[in-house]
Amino acid sequence: MSGRIDFGPDPPRRIAPDVHVWIEDTTYADAPAVRVAERRLTGASYDGGAEGLPFTIEWDDRRRSPGRTYTIAAFVDVDRDGRPGPGDFVTTQAVRVPLPDVRVSVPVKRVGG
């Protein structure tokens with residue numbers, strides 16, 4: 001699956017963050033999400049453009065079980081310390097995994113900003 005991380009109206013300038021993208025089974029609101037796929041991009045290059053930061057993640061849509069809910073999330077680790085903190089970017093809303101061959105946009109917001 002391919003997509004882009006959308007920084008919204010206040011994108012960072014040039015950065016080379018570590019980017020974490022994952023897919024979770026979030027079917028049950030009263031149970032922990034189960035991570036079913038994940039990708040880490042070390043030192044990704046982002047030039048501050050409006051098109052966002054592109055990514056790909058291994059996801060075979062045949063793994064999708066009927067009646068299950070799958071969401072995708074991202075963590076853009078600007079300071080590359082492995083923990084969300086001021087200046088990093090995180091997903092703050094649920095984004096459903098789209099149907100095959102549909103690019104997904106994953107909005108993120110700056111932590112502490």
Tell me, which pairs form a salt bridge (Lys or Arg N to Asp or Glu O under 4.0 Å) where one or both residues lie in residues 66-75, sequence neighbours left out? D25-R68

Applying a strict under-4.5 Å side-chain criterion to I, L, V, M, F, W and Y, I'd like to know whether V104 and I5 cluster together. yes

Honestly curious: do F75 and W59 fall in one hydrophobic cluster under the side-chain, below-4.5 Å linking rule? no

Whether R64 and D61 form a salt bridge (side-chain N of Lys/Arg under 4.0 Å from carboxylate O of Asp/Glu) is what I want to check. yes

Under a 4.0 Å N-O cut-off, is there an ion pair linking R80 with D18? yes

On a heavy-atom basis, the closest approach of G82 and D77 is N-OD2, 2.6 Å

Side-chain contact, heavy-atom cut-off 4.5 Å: E24 with V34? no

Any non-hydrogen side-chain atom of V106 less than 4.5 Å from a side-chain atom of V21? no

Ring pair (Phe, Tyr, Trp, His ring centres under 6.0 Å) partners for W22, two or more places apart: none

Using a 6.0 Å cut-off, check whether atom CD of E51 has over 12 heavy atoms from anything other than its own residue. yes

Run the side-chain contact (heavy atoms from CB on, under 4.5 Å) check on L53 and V19 step by step: do they pass? CA-CA 9 Å; L53 195 142; V19 177; 4.0 Å; yes

Contacts of P54 meeting side chain to side chain contact (heavy atoms under 4.5 Å, CB included) (sequence neighbours excluded), chain-then-number -> none

Does P11 have any side chain to side chain contact (heavy atoms under 4.5 Å, CB included) partners at least two apart in sequence or in another chain, and if so, which? F7, Y46

Looking at [atom1] of [X] and [atom2] of [Y], how far apart are the two atoms once the value is rounded to the nearest 0.5 Å?
| X | Y | atom1 | atom2 | answer |
| --- | --- | --- | --- | --- |
| R4 | R103 | CZ | CZ | 7.5 Å |
| E38 | I57 | CD | CD1 | 7.5 Å |
| F55 | L41 | CZ | CG | 9.0 Å |

Residue list, side chain to side chain donor-acceptor pair (under 3.5 Å) with S2, at least two apart or on another chain: none

Quick check against the 3.5 Å criterion: does R40 have a side-chain atom that pairs as donor or acceptor with the backbone of H20? no

Enumerate donor-acceptor pairs with a distance under 3.5 Å from any side-chain N or O in residues 85-98 to protein atoms, sequence neighbours excluded.
unit_1 : atom_1 : unit_2 : atom_2 : d
D88    : OD1    : V78    : N      : 2.8
D88    : OD1    : D79    : N      : 3.4
D88    : OD2    : G85    : N      : 3.0
T91    : OG1    : A74    : N      : 2.6
T91    : OG1    : A74    : O      : 3.0

